[in-house]
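Values below: every heavy atom of this structure, side chains too, minus hydrogens, waters and symmetry copies. Since the structure is predicted, the reported quantities are computational estimates derived from the model, not experimental observations.
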Amino acid sequence: MLNTTLQRAPIQILEDKLRHKQAVIGVIGLGYVGLPICIAAAEAGSMVLGFDVDPAKPDALVRGKSYLKHIPDDRVRSLLSENRFDATTNFDRLSEPDALLICVPTPLDAHREPDLSFVVATGEQIAPRLRRGQIVILESTTYPGTTFEVLRPILETSGLVCDRDFYLAFSPEREDPGNLEFSTSRIPKVIGADSADASNLAAILYDQFVPRTVVVSSSATAEAVKLTENIFRAVNIALVNELKLVYGAMGVDVWEVIEAAKSKPFGYMPFYPGPGLGGHCIPIDPFYLTWKAREYGVATKFIELAGQINSSMPQHIVNELAGALDRASGRGLSRSRILVAGVAYKKNVDDTRESPALRMIELLEARGAQVRFYDPFVSVLPDSREHKSLSGRRSEIWDPVRLVDYDAVLIATDHDDVDYAALASNAKLIVDTRNACRRAGVTSSNVVLA
């Protein structure tokens, strides 16, 4: 009985700390997922310590500066003044937190296969500093089995045993940057672990700052939940993108069709076509499942077809732009001046990851066009592995009078903070991939839907 009591002491201590908000929460990766979690947990009363390999992020945060537009500086400064938040690049401090939340990227490699290098590197950083009574929770989107098959063995190189000395769980991030209705603290959290103790501890932790926790039977199930959510979106977006092509050939406006269809109060959910998929989830996550499915000899034809359709959209839009230019002015793309309006992957954010606008710029320039961009949220294109030639390019200054200098304006992102009336009044030709002009109440003969 004494041995059992001693063995359970670390978990009892951790549970008590979590329940009374005395636990220190460590968040590894201070990007679009990690920083909002830091803010939500700290504002709920926990002490939070953020980690990042990029010194610019902790340096900015400890000075009270936020680098995410949807998180204002004053929220960071308030938490600093109350000593509830700190940020560092010193990974030797990983032993300080009672809970470690891993929020690092899980991109695809050059062969469109899962790249878990950031998860592996983070696990290798944690292992030599891991102590008894800690819980580690992976939030990075990945294929079913990653937490148990990849992360757990790395952490156990510490000599500690999972579910005896430390605890491990998976809880997929559900961030939607720019969504004012659903922030981190207003979104239910799915939790999966491979022991009841780990599930319970993770639920107690997240219950402190989210409205509801949904506990599933295993870490693999929780990993599958995240993939399912984003594959659902990817497949339905591919469907309406294909419908756009079909209806367009018939002279039917797909946007009008969708608006009418969504009047049905049951059995229908509206999705909208566009120039392709962007962001850190939808263009990437489906391929994590298709890759893992091959291990089991299962073909994911439906998912892969959706990926092909969505990936083909940038080329389709460029072809539509070329045709519109030819009809409007009798000229091709070569030596035409094109302004791309919006390079963020979605409206009202500054995130350009996987943005189809970047691919369209490359395609246009490959065909001889001279391309500039304007984006009220993106002043400079960041460095990226996929679009290195575009890194450092700066947004044009908004000047409606100068729009006449361009042969066409391509609306790639439908930011609200754009004067679409002035755009339509001054541009020679607008190719609108988002129906942005009409939704803004602007109709003009020089606007072409694509």
Side-chain angles (χ1 to χ4, degrees), residues 14-15 18-19 23 25-29 31-41 44 46 48 99-106 114 116 118-119 122-123 135-152 162-163 167-177 179 181-236 269 279-282 284-289 292-293 303:
L14 178 56
E15 182 174 336
L18 291 170
R19 287 192 186 280
I25 299 174
V27 178
I28 306 170
Y32 288 92
V33 174
L35 183 55
I37 288 177
C38 289
I39 300 300
S46 294
V48 179
L100 291 171
L101 279 54
I102 300 174
C103 305
V104 297
T106 45
L116 293 181
F118 296 98
V119 173
T122 301
I135 183 169
V136 178
I137 304 175
L138 179 61
E139 292 218 357
S140 306
T141 304
T142 185
Y143 58 79
T146 301
T147 303
F148 188 85
E149 299 167 5
V150 177
L151 185 57
R152 176 175 175 160
C162 186
D163 295 323
Y167 302 89
L168 181 62
F170 181 82
S171 182
E173 58 88 5
R174 281 176 161 175
E175 285 298 316
D176 188 14
N179 189 327
E181 184 177 357
F182 292 107
S183 59
T184 303
S185 58
R186 300 184 66 183
I187 303 172
K189 209 80 166 68
V190 171
I191 294 165
D194 300 297
S195 75
D197 285 339
S199 292
N200 180 55
L201 290 168
I204 294 170
L205 187 159
Y206 287 112
D207 277 335
Q208 305 297 320
F209 60 91
V210 301
R212 183 166 64 97
T213 51
V214 180
V215 179
V216 296
S217 60
S218 67
S219 58
T221 301
E223 289 159 341
V225 168
K226 174 62 175 179
L227 293 183
T228 300
E229 293 171 357
N230 286 333
I231 290 170
F232 173 81
R233 295 173 65 192
V235 167
N236 280 280
M269 178 183 295
H280 63 294
C281 287
I282 304 179
I284 294 172
D285 297 354
F287 294 100
Y288 269 70
L289 186 61
K292 186 65 174 178
I303 297 171

Quiz item: Shortest non-hydrogen contact from A220 to P144?
Solution: O-CB, 3.8 Å

Exercise. Check whether any side-chain N or O of K226 sits under 3.5 Å from a backbone N or O of Y143 as a donor-acceptor pair, and report yes or no.
Key: no

Quiz prompt | Non-hydrogen side-chain atoms of F182 and D176 separated by less than 4.5 Å | solution = no

Quiz item: Just how far is it from atom CD of E15 to atom CG of L201, taken to the nearest 0.5 Å?
Solution: 6.0 Å

Exercise. Kindly give the heavy-atom pair with the smallest separation between T142 and Y288, and that separation in Å.
Key: CA-CD2, 3.7 Å

Quiz item: Hey, are the side chains of L14 and L18 touching, using non-hydrogen atoms and a 4.5 Å cut-off?
Solution: yes

Quiz item: With a 4.5 Å heavy-atom cut-off, do T141 and L227 have their side chains touching?
Solution: yes

Quiz item: Is there side-chain contact between L168 and S219, with heavy atoms separated by less than 4.5 Å?
Solution: no

Exercise. Measure the shortest side-chain to side-chain distance between L151 and T146 over non-hydrogen atoms and say whether it is less than 4.5 angstrom.
Key: no

Quiz item: Where do E139 and I37 come nearest, in terms of heavy atoms and distance?
Solution: OE1-CD1, 2.9 Å

Quiz item: Looking at F170 and L138, what are the two nearest heavy atoms and their distance?
Solution: CD1-O, 3.1 Å

Quiz item: So, R174 side chain and P188 main chain: donor-acceptor pair closer than 3.5 Å or not?
Solution: yes

Quiz prompt | Sub-4.5 Å side-chain heavy-atom contact between L101 and L205 | solution = yes

Exercise. Working to the nearest 0.5 Å, report the span between OG1 of T221 and CD1 of I191.
Key: 13.5 Å

Practice problem: Supply the atom-to-atom distance K189 NZ to F209 CZ, rounded to the nearest 0.5 angstrom. | Solution: 7.0 Å

Quiz item: Would you say S171 and Y206 make side-chain contact, with heavy atoms under 4.5 Å?
Solution: yes

Practice problem: Show your reasoning for whether side-chain contact (heavy atoms from CB on, under 4.5 Å) applies to V190 and V216. | Solution: CA-CA 7 Å; V190 171; V216 296; 4.3 Å; yes

Quiz prompt | Heavy-atom closest contact (A41 atom, V48 atom, distance) | solution = CB-CG2, 3.8 Å

Practice problem: Indicate yes or no: does K292 engage E223 in a salt bridge with an N to O separation below 4.0 Å. | Solution: no

Quiz item: Where is the tightest heavy-atom contact between V119 and T106, given as atom of each residue plus distance?
Solution: CG2-CG2, 3.7 Å

Exercise. Kindly determine whether N200 and I204 satisfy side-chain contact (heavy atoms from CB on, under 4.5 Å), including the steps that lead there.
Key: CA-CA 6 Å; N200 180 55; I204 294 170; 3.6 Å; yes

Quiz item: How about R152 and T147: do any of their side-chain heavy atoms sit closer than 4.5 Å?
Solution: no

Quiz item: Without hydrogens or angle criteria, can the side chains of E173 and S140 be said to hold a donor-acceptor pair below 3.5 Å?
Solution: no

Self-check item: Test: R233 and E229 ion pair at under 4.0 Å
Solution: no

